[in-house]
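Note sheet for the following structure.
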Amino acid sequence: QVRLAESGGGSVQAGGSLRLSCGVSGYIYGHNFLAWFREGPGQERERVAGIYTGGGTPYYADSVKDRFTITIDQVDDPKMVYLQMNDLKVEDTAMYYCAAALIPYGSSWLNTDFEHWGQGTQVTVSS
């Protein structure tokens with residue numbers, strides 16, 4: 001069973017930074033892709049960033065490109081996936097979730113492809 005647990009959310013003013021962390025434990029070997037999603041007030045859950053555990057170019061939503069960076073650390077247990085968020089904007093306010101899935105290399109992916117999710121961490125950006 002795969003378990004994911006996010007941390008690092010909080011309240012910050014626009015222009016500030018936060019670093020989200022997600023510990024990934026359990027049988028992760030059947031899952032090769034880790035991603036961050038977010039769900040704003042009254043909005044659908046949307047993709048933010050994703051990365052293959054085997055390497056490759058990360059994916060970023062257009063709205064966060066050049067501001068957010070996804071990285072993974074697989075040396076220790078639990079494995080960690082991070083989301084460094086810089087130059088935060090009010091519209092980044094949302095509950096942020098990490099998730100794991102098995103995604104064929106080069107395939108498109110949606111939130112419906114992910115069966116393992118963390119409980120979420122709230123990010124609030126004020127003007």
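One is the number of the first residue; the rest follow in order along the sequence.
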**OP:** Please check if Val81 and Val64 belong to a single hydrophobic cluster, counting links between Ile, Leu, Val, Met, Phe, Trp and Tyr side chain heavy atoms closer than 4.5 Å.
**Re:** yes
Original post:
Taking atom CD1 of Ile51 and atom CD1 of Ile103, what is their separation to the nearest 0.5 Å?
Top reply: 14.0 Å
**OP:** Examine Val48 and Leu4 and state if one hydrophobic cluster contains both, with Ile, Leu, Val, Met, Phe, Trp and Tyr joined whenever side-chain heavy atoms are less than 4.5 Å apart.
**Re:** yes
Subject >> Gln43 CD: over 12 foreign heavy atoms closer than 6.0 Å >> reply: yes
**OP:** Kindly write out the residues that satisfy ring pair (Phe, Tyr, Trp, His ring centres under 6.0 Å) with Tyr97, not counting sequence neighbours, or none if the list is empty.
**Re:** none
Original post:
Would you find a donor on one side and an acceptor on the other, under 3.5 Å apart, between the side chain of Asn32 and the backbone of Gly54?
Top reply: no
Subject >> Where Pro78 and Ser25 come nearest, the two heavy atoms and their spacing >> reply: CB-CB, 4.0 Å
**OP:** Assess whether atom CD of Glu44 is packed by more than 12 heavy atoms of other residues, nucleotides or ligands within 6.0 Å.
**Re:** no
Original post:
Can you list the steps and then say if Arg47 with Trp109 is a side chain to side chain contact (heavy atoms under 4.5 Å, CB included)?
Top reply: CA-CA 9 Å; Arg47 304 184 299 178; Trp109 49 278; 3.3 Å; yes
**OP:** Give the intermediate values and the outcome of side chain to side chain contact (heavy atoms under 4.5 Å, CB included) for residues Asn86 and Phe68.
**Re:** CA-CA 6 Å; Asn86 298 327; Phe68 290 13; over 6 Å; no
Original post:
Just how far is it from atom CG of Leu88 to atom CD of Glu91, taken to the nearest 0.5 Å?
Top reply: 10.0 Å
Original post:
Ignoring hydrogens and geometry, is there a side-chain-to-backbone donor-acceptor pair from Tyr52 to Gly106 under 3.5 Å?
Top reply: yes
**OP:** Mind listing the closest non-hydrogen atom pair of Ser126 and Val90 along with its distance?
**Re:** C-CG2, 4.1 Å
Subject >> Worked verdict on Leu20 versus Met85 for side chain to side chain contact (heavy atoms under 4.5 Å, CB included) >> reply: CA-CA 8 Å; Leu20 304 184; Met85 306 186 296; 3.7 Å; yes
**OP:** Test Trp117 against Arg45 for side chain to side chain contact (heavy atoms under 4.5 Å, CB included), laying out the working first.
**Re:** CA-CA 12 Å; Trp117 295 82; Arg45 192 168 297 189; 3.3 Å; yes
**OP:** Salt-bridge test for Asp92 and Lys89: reply yes if a basic N is under 4.0 Å from a carboxylate O, no otherwise.
**Re:** no
**OP:** Say whether Met95 and Leu18 are linked into one hydrophobic cluster, either directly or through other cluster members, by side-chain heavy-atom distances under 4.5 angstrom.
**Re:** no
Original post:
For the side chain of Glu6 and the backbone of Cys22, is there at least one donor-acceptor N/O pair under 3.5 Å apart?
Top reply: no
**OP:** With sequence neighbours left out, write down each residue that passes side chain to side chain contact (heavy atoms under 4.5 Å, CB included) with Ser21, or none if nothing qualifies.
**Re:** Ser7, Met80, Tyr82
Subject >> Side-chain donor or acceptor of Thr93 paired with backbone N/O of Val125 under 3.5 Å >> reply: yes
Original post:
Are Ile72 and Trp36 in one and the same hydrophobic cluster, where Ile, Leu, Val, Met, Phe, Trp and Tyr link if side-chain heavy atoms are under 4.5 Å apart?
Top reply: yes
Original post:
Looking only at heavy atoms, which two atoms of Ser127 and Ala14 are closest? And how far apart?
Top reply: CA-CB, 4.4 Å
Subject >> Gap between atom CD of Gln84 and atom OG of Ser17 - 0.5 Å precision >> reply: 6.0 Å
Original post:
Would a distance-only check, ignoring hydrogens and angles, find a side-chain to backbone donor-acceptor pair under 3.5 Å from Thr124 to Ser11?
Top reply: no
Original post:
Are Leu34 and Tyr105 co-members of a hydrophobic cluster defined by side-chain heavy atoms under 4.5 Å apart?
Top reply: no
**OP:** List for me each residue that meets side chain to side chain contact (heavy atoms under 4.5 Å, CB included) alongside Ala49, sequence neighbours excluded, and say none if there are none.
**Re:** Tyr60, Ile70, Leu83
Original post:
Hey, does the side chain of Glu46 reach the backbone of Arg38 with a donor-acceptor pair shorter than 3.5 angstrom?
Top reply: no
